[in-house]
Amino acid sequence: LSNFKVAPHLQRPRSKEYLDDISRGYEYLIEALKKQGRKMNSYYVTNINDDEVGIIHNFLLDKNGRNFSNRSYSKYMQFFSTFLDWCIEEQGIGRINYFKKVPKRTTHYTPEIITKEVFDKLIEKINYDNGFQVTPGTTIRKKKIRYIYKSWLAFALKISLETGRRRPEVIGMKA
């Protein structure tokens with residue numbers, strides 16, 4: 001994925017955020033299998049079958065696991081399917097991609113539109129005085145106050161509204 005030892009005509013540029021997201025997905029896969037007692041130091045790609053995919057499926061959706069939404073679930077299952085395809089086609093490891101049997105879960109996206117007045121009020125509320133988060137304390141841990149205000153946040157919201165760019169694109173913008 002990072003184009004290491006890949007012929008120049010086959011290289012594809014990928015953002016650091018995308019690569020980090022895929023890495024996180026594989027960490028979830030390993031976490032799911034470890035949770036079921038699989039030993040990762042002696043685990044092979046050829047060990048993946050319908051039972052293993054079921055374990056990963058439950059882990060991604062279960063409240064004791066990751067409790068992902070349908071969109072995130074489908075995204076990570078697609079990452080795993082693509083990896084197995086690569087193992088089979090490019091490396092000659094394994095014969096069946098068990099992740100291809102997993103149906104994509106439907107997502108229902110209903111965006112809510114806010115008015116210009118509501119957006120302007122939101123921008124006005126973004127300031128240092130309102131920019132903190134209080135984490136409730138427990139008997140062991142004290143209450144924690146975290147300042148999350150950023151001076152550029154209001155500008156980033158305006159830029160994303162005016163350009164239609166997504167969050168990673170706005171954050172990655174340079175002058």
For [X] against [Y], the heavy-atom pair lying closest together:
{"X": "F59", "Y": "Y28", "value": "CE2-O, 3.6 Å"}
{"X": "K75", "Y": "D21", "value": "NZ-OD2, 2.8 Å"}
{"X": "A154", "Y": "I126", "value": "CA-CD1, 4.2 Å"}
{"X": "N3", "Y": "Q11", "value": "OD1-CA, 3.4 Å"}

Exercise. Counting heavy atoms not belonging to K34, are there more than 12 under 6.0 Å from its NZ?
Worked result: no
Exercise. Is the count of non-hydrogen atoms from other residues, nucleotides or ligands lying under 6.0 Å from F155 atom CZ greater than 12?
Worked result: no
Problem set entry | Test side-chain contact (heavy atoms from CB on, under 4.5 Å) applied to R146 and T135, step by step | CA-CA 8 Å; R146 192 173 138 213; T135 306; 5.7 Å; no
How far does [atom1] of [X] sit from [atom2] of [Y], to the nearest 0.5 angstrom?
{"X": "T46", "Y": "I96", "atom1": "OG1", "atom2": "CD1", "value": "12.0 Å"}
{"X": "L122", "Y": "L153", "atom1": "CG", "atom2": "CG", "value": "8.0 Å"}
{"X": "L60", "Y": "N70", "atom1": "CG", "atom2": "CG", "value": "11.5 Å"}
{"X": "I114", "Y": "K121", "atom1": "CD1", "atom2": "NZ", "value": "11.0 Å"}
{"X": "N67", "Y": "D62", "atom1": "CG", "atom2": "CG", "value": "7.5 Å"}
{"X": "K150", "Y": "Y128", "atom1": "NZ", "atom2": "OH", "value": "11.0 Å"}

Are [Y] and [X] linked, directly or through intermediate hydrophobic residues, by side-chain heavy-atom contacts shorter than 4.5 Å (ILVMFWY only)?
{"X": "I148", "Y": "W152", "result": "no"}
{"X": "Y18", "Y": "L10", "result": "no"}
{"X": "M173", "Y": "I171", "result": "no"}
{"X": "L33", "Y": "I93", "result": "yes"}
{"X": "I88", "Y": "I56", "result": "no"}

[X] side chain near [Y] side chain, heavy-atom distance below 4.5 Å:
{"X": "L161", "Y": "K158", "result": "no"}
{"X": "V45", "Y": "Q91", "result": "no"}
{"X": "Y44", "Y": "N47", "result": "yes"}
{"X": "Y98", "Y": "D51", "result": "no"}
{"X": "I159", "Y": "R165", "result": "no"}
{"X": "K100", "Y": "D85", "result": "yes"}

Expected output: side-chain [X] to main-chain [Y] donor-acceptor under 3.5 Å:
{"X": "R14", "Y": "L1", "value": "yes"}
{"X": "R38", "Y": "Q36", "value": "yes"}
{"X": "S81", "Y": "M77", "value": "no"}

Problem set entry | Side-chain ion pair, K116 and D120, N-O less than 4.0 Å | yes
Exercise. Do F79 and Y26 pass the ring-ring contact (aromatic ring centres under 6.0 Å, His included) test, and can you show the C-alpha distance, the side-chain angles, and the key distance before you say yes or no?
Worked result: CA-CA 8 Å; F79 287 166; Y26 295 132; 7.2 Å; no
Exercise. When the ring planes of F80 and F99 are compared, do they come out parallel, tilted or perpendicular, using 30° and 60° as the limits?
Worked result: tilted
For this session: Tell me whether the guanidinium CZ or amine NZ of R105 lies under 6.0 angstrom from the six-membered ring centre of Y73 and within 45° of its axis.
Result: yes
Problem set entry | Side-chain donor-acceptor pair present, T82, Q78, cut-off under 3.5 Å | yes
